[in-house]
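Whatever order the structure lists ligands and atoms in, that order sets their numbers, starting from 1. The residues of the chain are indexed from 1 along the displayed sequence.
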Amino acid sequence: MLIVANWKAYIEDLAKAKKLFALGKRLSSAAGISIVLAPPAPFLGILAAKNKSAVTFAAQDVSRTTGGANTGEVPAQAYAAVGATYAIVGHSERRATGDTDAIVAEKLAHALVNGLTPILCVGERERDGEGRYLAVIREELTVAIESLTPKERAKVIIAYEPLWAIGKTADAAIEPDDLGEMVLYIRKVLAELLPGKSSRGALVLYGGSAEPDNIRALAASTSVDGFLIGHASVDPHSFSLLVKNLS
Ligand code: PGA
């Protein structure tokens, strides 16, 4: 199981970042769990420089540009240079500030060229009775992936994050049956987009109010490969319990 801790902007203080990193290192010894931390950019550089553990790091986003006169942008290459292994791309909180499917595709390409494994977020805003949300997921996956080479496509990790479930509590998260169905649907679309049989090895994660109370049920009755955890990953008690409940 892959657990990606998306700290978002919850952590603004280096001392807190260091404490959560220490916790992540302890928890990474739990059986069958790989922990990836996605801290705010400056903290990623500081923590990764001292890392000798099994914990790995993800950028929360990468720039769509590769350098040049772009004040405030952080290119994928810079994240790779300070020790990131993964890059979250297309998170709904980035899409809300203007990342279109086309921009997400550019970001994916930059991440891959710089050796980062992208974690592509897809998710519908709401669920309708006619299954239109399935078309939203298909479109987001297709536009993001179709411009990549076959070899690159096989490297992308998918995080299914329905917008309606993000930042709430376990009782508002997705039901295990609905998640199970969506994971199968994503695998079906990937089978069409990825070369040969490579979609069989593709990782599909879930994010959106995954908490200690629901994590086990979500993992047990679906073929999900891991979780992208937001608010519960920055509370040491919740994060410990969540990993314990999963392992
Ligand atoms: P949440 O966030 O766990 O706080 O719902 C998940 C995410 O947005 O990645």
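Set against the non-hydrogen atoms of I166, the atoms of ligand 1 under 4.0 Å away are 2 (O), 5 (O), 8 (O).
The shortest N or O to N or O distance between K8 and ligand 1 is below 3.5 Å. Residue contacts with ligand 1: G230 is placed with a nitrogen or oxygen under 3.5 Å of a nitrogen or oxygen of the ligand (distance criterion only). Ligand 1 has no N or O atom lying under 3.5 Å from any N or O atom of A232, backbone or side chain. Distances between N or O atoms of Y10 and those of ligand 1 include no value under 3.5 Å. Considering backbone and side-chain N/O atoms, S209 comes within less than 3.5 Å of an N/O atom of ligand 1.
Assignment of E211 to the shell around ligand 1 is not supported, since no heavy atom sits closer than 4.0 Å. Put simply, no part of G207 is less than 4.0 Å from ligand 1, judged by heavy atoms.
A distance of 6.0 Å or more separates the ring centres of Y86 and Y79.
Separating the CG atom in L184 from the CE atom in M182 is a distance of 10.5 Å, to the nearest 0.5 Å. The distance from the NZ atom of K107 to the CG atom of L112 is 14.5 Å, given to the nearest 0.5 Å.
At a 4.0 Å heavy-atom cut-off, ligand 1 touches N6 through the side chain alone.
Ring planes of F227 and Y206: perpendicular class, angle over 60° (limits at 30 and 60°).
In this structure, the side chains of R94 and T97 come closer than 4.5 Å at one or more pairs of heavy atoms.
Judged by distance alone, the side chain of N114 and the main-chain N or O of L116 form no donor-acceptor pair under 3.5 Å.
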